[in-house]
Amino acid sequence: MPDNFQFAYPYVAFLAVLPILIYWILPAIKNRSTALIYPYFDSSSKTANQKPKKASHIKKRSWLSSFCMFIIWLLLLSAMASPELVGKPERKVKTSRNFLILADLSFSMANNDWMIDNKKVTRWEAVKNIMQDFIVKRESDKMGLIFFASNAYIQAPFTTDLKTVQTMLDEADVGMAGQMTNIGKAIVKGMDMFERDTIPNKVILLLTDGVDSGMDILPLDAANMAKKDSTIIYAVGIGDPGNVGSDLDERTLTEIAELTKGQYFRAKDTEALENIYVELEKLEPVEYEEESYTPKTLLYYYPLGAALILGFVLIMINNIVIIFKRFTNR
């Protein structure tokens with residue numbers, strides 16, 4: 001018998017002796033037969049040399065039939081005890097928060113000034129390369145993805161299917177959302193996504209390399225909306241503001257992060273960006289439920305099926321015996 005086999009209700013085994021107790025305690029059922037009473041009955045029986053039969057008798061059951069009935073009873077009890085194969089406890093992932101990525105796809109992200117494996121790549125390629133590993137580690141979060149530039153677009157709604165989010169990120173390219181950088185509109189779009197979901201814990205990761213150029217809503221006004229909705233924003237500035245051609249607005253990004261109780265990071269190269277993701281995992285750690293789910297395979301239908309088959313066979317045999325006796329007594 002496998003080591004992981006068990007009965008869910010083992011105390012049912014105490015009922016195994018119930019038929020024996022009933023047999024000993026309760027009186028047997030007596031079958032009455034028809035009788036004819038007439039004068040001189042005793043003398044007639046002596047003359048015929050026959051012993052009178054009793055008006056009632058106890059029908060005897062063969063030992064084989066009794067044994068089969070007891071086996072059927074044991075099989076039914078086995079089914080009631082619910083035999084099962086118990087697997088190893090599994091860790092059930094708990095969806096602890098909505099984690100939304102706001103990624104800048106403005107034209108400046110196409111600047112070819114980052115190095116990966118001693119090879120020059122664009123800022124966006126570097127971000128994608130490192131963010132793939134970051135996403136797959138957020139297995140307890142519902143991830144969402146918004147791309148923004150002149151406009152903001154939902155690329156992936158909140159989902160626990162992190163592979164899909166990775167695919168959406170990998171297929172994106174610079175210029176898909178326009179040319180400019182509209183940070184305020186991106187945050188407002190993110191707040192709209194949060195409103196459609198019921199999970200209270202909300203985190204935004206804002207990735208941008210530019211200064212806000214939107215006219216609809218200012219980044220700090222959008223950050224105030226996020227603060228009122230208890231949303232934390234972690235801002236990551238891509239690039240080095242000291243370099244020629246960089247228009248990274250660190251002041252605004254810092255204020256956005258501080259206003260929402262988040263934190264601002266500067267990613268001036270690939271190594272710094274990797275360290276930022278490590279730090280984010282410490283600030284927003286992955287959470288799990290305790291091992292509460294144990295897979296079980298129910299086996300009650302095996303003894304139940306065996307009891308039904310044995311009962312059917314026993315009935316068939318009894319009927320065959322009765323029919324045979326009727327034919328032989330003719």
Side-chain angles (χ1 to χ4, degrees), residues 1-95 160-161 288-330:
M1 189 172 292
D3 294 336
N4 60 339
F5 177 83
Q6 70 173 26
F7 287 98
Y9 311 105
Y11 298 110
V12 174
F14 290 113
L15 296 176
V17 297
L18 186 60
I20 299 174
L21 293 176
I22 292 175
Y23 181 81
W24 282 346
I25 296 174
L26 297 180
I29 298 176
K30 295 182 179 181
N31 296 316
R32 293 184 176 276
S33 57
T34 56
L36 179 63
I37 300 175
Y38 62 95
Y40 311 109
F41 177 80
D42 292 335
S43 58
S44 299
S45 60
K46 289 179 180 179
T47 304
N49 198 23
Q50 291 183 355
K51 187 179 180 180
K53 295 182 179 179
K54 294 182 178 180
S56 62
H57 66 281
I58 300 173
K59 187 177 180 180
K60 293 183 178 181
R61 191 184 299 273
S62 67
W63 68 270
L64 180 61
S65 179
S66 299
F67 177 76
C68 290
M69 292 293 291
F70 186 69
I71 295 298
I72 291 173
W73 173 248
L74 293 180
L75 289 172
L76 291 175
L77 290 181
S78 298
M80 290 173 59
S82 187
E84 58 191 15
L85 294 175
V86 182
K88 293 182 180 180
E90 295 180 358
R91 182 175 63 182
K92 185 179 179 181
V93 177
K94 175 184 177 181
T95 302
T160 55
D161 186 0
Y288 297 97
E289 282 186 353
E290 296 181 356
E291 293 183 346
S292 58
Y293 174 68
T294 303
K296 296 180 180 179
T297 304
L298 300 179
L299 305 174
Y300 68 90
Y301 45 84
Y302 287 109
L304 180 60
L308 292 175
I309 292 173
L310 185 57
F312 179 75
V313 171
L314 186 60
I315 292 173
M316 291 295 295
I317 292 175
N318 287 337
N319 288 335
I320 291 172
V321 170
I322 292 172
I323 293 172
F324 179 78
K325 286 182 177 180
R326 286 180 180 177
F327 275 103
T328 54
N329 290 335
R330 285 184 178 181

Give me the atom names and distance for the closest heavy-atom approach of [X] to [Y].
X      : Y      : value
Ser65  : Asn318 : OG-ND2, 4.5 Å
Leu310 : Cys68  : CD2-O, 3.9 Å
Leu298 : Ser82  : CD2-OG, 4.1 Å
Glu84  : Ala8   : OE2-CB, 3.8 Å
Pro303 : Leu75  : CB-O, 3.5 Å

* Return the orientation label for the Phe5 and Phe7 ring planes: parallel under 30°, perpendicular over 60°, tilted otherwise. => perpendicular

How long is the straight-line distance from [atom2] of [Y] back to [atom1] of [X], given to the nearest 0.5 Å?
X      : Y      : atom1 : atom2 : value
Leu15  : Leu74  : CG    : CG    : 11.0 Å
Asn319 : Leu314 : CG    : CG    : 9.5 Å
Ile72  : Ile309 : CD1   : CD1   : 11.0 Å
Asp3   : Leu85  : CG    : CG    : 11.0 Å
Ile320 : Phe324 : CD1   : CZ    : 11.5 Å
Trp73  : Leu18  : CH2   : CG    : 5.0 Å

* **Neighbour count above 12 (heavy atom, 6.0 Å) for Phe67 CZ** => no

